[in-house]
Amino acid sequence: MDPPNEFPDDFSSFPPIPFALFVPPENPNPNSNAAPIPNTVENPSSAHLLSFSVPKKRRRGRPHRVPTSFQLPPIPNGVFNSNNNGLASFSSSISAHSSRNNIEIPGSLARTMPDMSDEIIVINKESTAEALIALSAGFPADSLTEEEIDFGVIRIIGGIEQVNYILIRNHIIAKWRENVSNWVTKDIFIDSIPKHCHSLLDSTYKYLVSHGYINFGVAPAIKEKIPAEPSKPHVIVIGAGLAGLAAARQMMRFGFKVTVLEGRKRAGGRVYTKKMEGGIRVCAAADLGGSVLTGTLGNPLGIVARQLGYVLHKVRDRCPLYSFDGKPVDPDMDMKVETAFNQLLDKASRLRQLMGGVSVDVSLGAALETFWQVYGDAVNAEEMNMFNWHLANLEYANAGLISNLSLAFWDQDDPYDMGGDHCFLPGGNGRLVQALAENVPILYEKIVHTIRYGSDGVQVIAGSQVFEGDMALCTVPLGVLKSGSIKFIPELPQRKLDGIKRLGFGLLNKVAMLFPHVFWGTDLDTFGHLSDDSTRRGEFFLFYSYATVAGGPLLIALVAGEAAHKFESMPPTDAVTRVIQILKGIYEPQGISVPEPIQTVCTRWGSDPFSLGSYSNVAVGASGDDYDILAESVGDGRLFFAGEATNRRYPATMHGAFLSGLREAANMAHYANARALRIKINRNPSKNAHSCASLLADLFREPDLEFGSFSVIFCRRNADPKSTAILRVTFNEPRKKSHDSAKPDQQHSNKLLFQQLQSHFNQQQQLHVYTLLSRQQVLDLREVRGGDEMRLNYLCEKLGVKLVGRKGLGPTADSVIALIKAERGIRKPASTSLALKSGTSKLKAGTLKRKLVRKAKIMRHGNGSAPSANSNSVNDKVSDETKTTSQAPSNTLGSGQNHSDVLKNE
C-alpha cells in the first residue's frame with residue numbers, strides 16, 4: 001500500500017513513551033562498542049574530537065565494529081595556541097594549503113608583511129577545540145570554503161586577515177553551540193575581539209547568520225525573531241519536506257512573505273512518522289521514510305532536537321546475522337567475509353585510480369563481481385550468501401543497484417560524512433517535522449504542474465490556481481524532476497536537464513510491524529537475514545528494532561536493491577507472511593514464539609507520485625558535479641532548487657535536505673537584495689548615471705580578472721558561462737613586457753588604432769572604455785596570444801563588439817553593476833598593489849572554470865597514475881552550446897548558483 005496521505009499526526013496525543021532513551025548496559029556484549037549518546041554531543045571536548053569514527057557509506061546500513069579513524073587535518077600550532085609565536089608554522093601551512101588548492105598569494109603581500117605575528121588575534125585559550133567544532137559544521141581548519149570565498153568574507157586569500165577570520169568564525173560557531181536555544185548577537189563578541197578586527201567581526205557574523213550556520217532552528221529565542229508582518233517580496237516554496245521547511249522558516253525570519261505549496265495532506269515529504277495502533281494500550285511511532293540521523297557531530301537536525309529538549313538514542317553496533325534457514329552465522333566467518341568485502345571495495349578504489357577517466361563509465365558492481373570471481377572457487381555457499389548480504393547492504397546505503405552505481409564517484413561524499421553516532425529520535429522524526437512546520441503558511445493538496453519564471457517574477461500553477469511571487473524554490477525530489485510531471489516555462493537549461501538525467505534515484509521500501517509484545521529482546525537495535533537467492537538478496541535483509549524508541553513493540557524490515565522494485569507490486573499480505581516466516585525461522589528454534597502482528601504497513605515509495613523513489617545516488621556517467629548543477633538557480637535569480645539531490649556533501653540524508661534549504665534561503669535573499677538595490681538606483685534617474693559610474697569605478701578597483709590592459713568584473717554567484725561580464729580596457733597604463741607580445745612584422749587592422757589612442761592620451765588622464773561580454777567570451781579573450789594589440793583585434797573584429805564610454809553601456813550594465821555591488825556589499829576595497837595580476841582570478845585558481853563547466857573528468861598524471869576519484873576535474877573547453885555572439889548579452893542572466901537530500905528511507 002502507498003504511504004497513507006494523512007494529516008500530520010498529533011504526536012502529543014501519544015501515550016507517554018515508557019523508555020524514551022534506552023541506555024544499554026556498559027558492556028552488554030563483549031563484541032559491542034555500544035555506548036549511550038552524550039547529551040553534550042554538539043560541544044565535544046577536543047579530546048573526543050581528535051579521532052572519531054566516520055560511518056562510511058559502505059557501512060551505513062550495518063554499524064561497523066571496527067571504527068574507521070577520522071584524522072583531522074593538521075592545525076597550525078601558532079594559530080590555535082594562546083601564544084602567537086607560531087606565525088612561521090602557520091604561514092607554511094597556509095602556503096601548503098594554497099599550493100594544494102592552486103591559490104596564488106600575491107608576492108606584494110609577502111613583501112609588505114615581514115613580521116606580522118603580533119597581528120594574529122588571541123580570543124581565548126580554546127582555539128583548538130573551537131576549530132574542531134567548526135570542522136564538525138563543515139568548515140576546514142586552516143582554509144576557506146568556496147562559499148566563503150564567493151561571499152567575500154575577506155579581501156585577500158591567504159593572508160593574516162584569513163587567520164583572524166577563521167579564529168573569529170570558529171569562536172562564534174562554538175559560542176552558539178554552547179547553547180543553541182539562544183540567539184547569539186554580535187555585541188557579545190565586541191569585548192573579546194580587538195577593535196581593529198571589528199569590521200571583520202561584522203562580515204563574519206553576517207555570513208554565519210545569513211547562511212544558517214548559527215541562530216537557526218525552532219528555539220523560542222529564534223522564533224521570536226520572525227517579524228509579525230513581512231516587509232520583503234513574496235517567495236513560493238514548492239514542497240514541505242525538510243528542505244522546504246528549513247528554507248521557509250529562514251526566509252520568514254529574513255522578512256519575506258512565504259507560501260509553501262505541498263501536494264500531500266501532510267508536511268515532511270519523504271520523512272513520515274505514522275502512528276500505529278493496536279487496541280487501547282499498544283501503539284508506536286513508525287518512521288516509514290527517513291529514520292536514522294547519520295552522524296550527530298554538527299548535524300543540524302541534532303541541533304533542532306536539542307532545542308526541543310529531545311534526547312537521541314544511539315543505534316548500537318551489535319548486528320548479528322542469521323542464515324536463510326534461521327541459524328546464527330558464525331561470528332568468525334561473519335568477520336572474515338566482511339573483511340574480504342571491505343578489501344574488495346578498497347581494490348575497487350585503487351582500480352578506478354588506475355583506470356583514470358574510463359572509470360566514469362564503469363559500474364561499481366562490475367568491478368566487485370570481477371574481483372569476487374577470483375575468490376569463487378575458495379568460498380562455500382554460506383560465504384557466498386554473506387557476500388550477497390553485504391552487497392544488499394551497500395545497495396541500501398545508496399538506494400541503488402550496484403550495477404548502476406558509478407565506480408568513479410559512488411562514494412564521493414564520504415570525505416564529508418558527519419562524525420558521531422547514528423541515532424534514532426524517540427517518538428519519530430515526525431516530531432522534528434511538526435516543530436519545523438509550526439506557523440509556516442503551508443497549503444496542502446496543491447499539486448504543482450507548471451512553473452513559469454522570468455525577469456518579472458514567477459508563476460506557480462497548481463490545478464486551476466495560479467500563485468505569483470518574486471521568486472520560487474523548487475524542493476521536489478529528483479524522481480519527480482526526472483518524471484517531467486512539472487513543466488518549466490521556459491524549459492530548464494540543457495545543463496541542468498543533463499544533470500537530472502545523469503544522477504541516479506534509487507528505492508528503499510519497508511515493512512513496519514506492530515506486535516503485542518517484544519519477543520526479539522531489547523539488547524540490540526539491528527539484526528540481519530541472509531538469502532540463498534542472489535536476486536532476492538535485498539528482500540528483508542535487515543531488521544530495525546524500534547522497541548526502545550517508538551513507544552511500543554515495533555519491528556521494521558528493509559527491502560533494498562532489485563527486491564525493492566519487485567516489492568512495489570508484491571501484495572502486502574504476501575510480504576507480511578514472508579517476513580513472519582523469516583522471524584519464526586530465527587526465533588522458534590530458540591523456543592521463542594512469534595505472535596501475529598497487530599498492525600502492518602508496507603511502503604511503496606517508488607509508486608508514490610510525490611517522490612517516485614527514495615533518495616539519490618551517483619549513477620554510471622554521473623559525478624558529484626551533478627549535485628552542484630542541480631543546485632544552480634535559473635532565470636536571473638528567480639527560480640531556485642533545494643533538496644538532498646542538490647547537496648554534494650550530504651546527499652541522500654535528512655540533514656543534507658535541511659542544509660540545502662538554509663543554503664537557498666541565503667541565495668534568494670542575496671538576489672532579492674540585489675534587485676532592491678537595482679530598483680533604488682533606477683528610481684532616481686538624475687543621479688543614476690553618476691551613481692553607476694561611481695560604483696563602476698569602485699568595483700574595478702578590485703577586478704575579478706585582469707590581463708594586460710584588460711580588466712573584468714562579474715557576479716561570482718552566477719556560474720553560467722553565458723552570464724554577463726563587464727570588460728574595461730585601460731589606455732595610458734605603463735606598457736608591460738609580455739612573452740606573448742606581437743612580432744614586429746605582425747600586421748593587423750587595429751594596431752594603428754591602438755597606437756593612436758595610446759599616443760593621444762599619453763600626456764593626459766587615463767582613458768577607460770567598456771563593453772559587455774559573456775564570461776566565456778572573456779575567457780576566450782584572455783587566451784588570445786600576441787599581447788594587448790592582438791586581444792583588441794580579436795575583440796573588435798572577431799567578436800564584432802564596440803568599445804564605448806560608461807554612458808554607452810546602457811541599462812543592462814546598470815543591472816549587472818547593482819548585482820555585483822550587492823554581492824560585494826560587505827567587502828572593503830583592497831590595495832591595488834595587492835590585486836592579482838596576469839589573468840589570475842581572485843577566486844581559487846581553477847574555480848572559475850569549474851563553475852563554468854561542471855563536467856567530471858579524471859585527469860591522468862604524467863606518470864600514468866590518476867588522482868583520487870573523489871576529486872572531480874573538469875574539461876577546460878566549454879560545451880558547444882556556449883556560442884560566441886557579436887552582440888552584448890541580453891538583460892537576462894543565465895543559470896545561477898553554484899553551490900556545493902529521503903533521505904535515507906531507513
Side-chain angles (χ1 to χ4, degrees), residues 15-37 61-65 276 278 281-287 291-292 311-335 386 389 393 421-428 510-530 540-558 576 578-600 906:
I17 299 175
F19 25 84
L21 173 64
F22 175 76
V23 182
E26 285 190 4
N27 192 10
N29 185 288
N31 294 325
S32 174
N33 293 324
I37 182 170
R62 183 193 194 188
H64 60 287
R65 291 159 291 183
M276 298 181 67
R281 297 183 179 180
V282 181
C283 64
D287 275 324
S291 60
V292 180
V311 181
L312 303 178
H313 170 89
K314 176 184 182 291
V315 180
R316 288 164 289 180
D317 295 341
R318 182 171 171 239
C319 182
L321 298 183
Y322 295 91
S323 186
F324 69 92
D325 58 3
K327 295 179 180 179
V329 171
D330 178 66
D332 292 336
M333 182 182 295
D334 183 4
M335 182 63 73
M386 293 179 62
W389 186 92
N393 192 39
D421 297 315
H422 287 197
C423 294
F424 292 140
L425 175 65
K510 300 183 178 183
V511 178
M513 298 162 290
L514 180 65
F515 288 94
H517 60 270
V518 177
F519 60 86
W520 56 89
T522 58
D523 61 338
L524 49 76
D525 294 317
T526 57
F527 60 91
H529 176 260
L530 311 184
F540 318 124
F541 81 102
L542 187 65
F543 289 80
Y544 273 114
S545 168
Y546 285 85
T548 56
V549 294
L554 180 68
L555 196 63
I556 292 182
L558 303 188
V576 173
R578 172 65 180 144
V579 175
I580 296 301
Q581 288 175 347
I582 292 173
L583 293 174
K584 288 183 177 181
I586 294 173
Y587 289 100
E588 287 188 347
Q590 303 176 37
I592 300 174
S593 176
V594 177
E596 289 297 314
I598 298 173
Q599 185 184 7
T600 62
E906 301 178 279

Nearest 0.5 Å please: distance from the NE2 atom of His422 over to the OG atom of Ser291. 11.0 Å

Evaluate the side-chain contact (heavy atoms from CB on, under 4.5 Å) criterion for residues His529 and Phe540: first the C-alpha distance (whole Å), next the side-chain angles of each, then the deciding distance (0.1 Å), finally the verdict. CA-CA 7 Å; His529 176 260; Phe540 318 124; 5.6 Å; no

State whether the side chain of Asp330 and the backbone N or O of Asp332 hold a donor-acceptor pair below 3.5 Å, judged by distance alone. yes

Report the C-alpha distance between Leu312 and Leu425 in whole Å, list the side-chain angles of each, state the deciding distance to 0.1 Å, and finish with yes or no for side-chain contact (heavy atoms from CB on, under 4.5 Å). CA-CA 5 Å; Leu312 303 178; Leu425 175 65; 3.7 Å; yes

Are Leu514 and Pro553 side-chain neighbours, meaning at least one heavy-atom pair lies under 4.5 Å? yes

For the OH atom of Tyr546 and the CG atom of Asp287, what is their distance to the nearest 0.5 Å? 6.0 Å

Rounded to the nearest 0.5 Å, what separation is found between the CG atom of Leu530 and the CZ atom of Phe541? 11.0 Å

Out of curiosity, Ile580 CD1 to Glu596 CD, how far, rounded to the nearest 0.5 Å? 5.5 Å

Within the structure provided, determine whether Tyr322 and Ile582 are in side-chain contact (heavy-atom separation under 4.5 Å). no

His313 vs Asp525 side-chain heavy atoms within contact, under 4.5 Å: yes

Evaluate the side-chain proximity of Arg316 to Leu524: yes if any heavy-atom separation is below 4.5 Å, no if none is. no

On a heavy-atom basis, the closest approach of Val292 and Tyr544 is CG2-OH, 4.2 Å

Any side-chain heavy-atom pair from Phe515 and Trp520 closer than 4.5 angstrom? yes

So CD1 of Ile598 and CE of Met276: to nearest 0.5 Å the spacing works out to 9.5 Å

Could you give the distance from CE (Met333) to CG (Leu321), rounded to the nearest 0.5 Å? 11.5 Å

Which atom of Val282 lies closest to which atom of Pro516, heavy atoms considered: CG2-O, 4.4 Å

So, do Trp389 and Leu542 sit near enough that their side-chain heavy atoms are less than 4.5 Å apart? yes

Provide the closest heavy-atom pair for Ala285 versus Gly428 in the form atom of the first, atom of the second, distance. CB-N, 4.4 Å

Looking only at heavy atoms, the pair that brings Ser323 and Val329 closest together is N-CG2, 3.9 Å

Student check: side-chain heavy atoms of Leu583 and Leu555 closer than 4.5 Å: yes

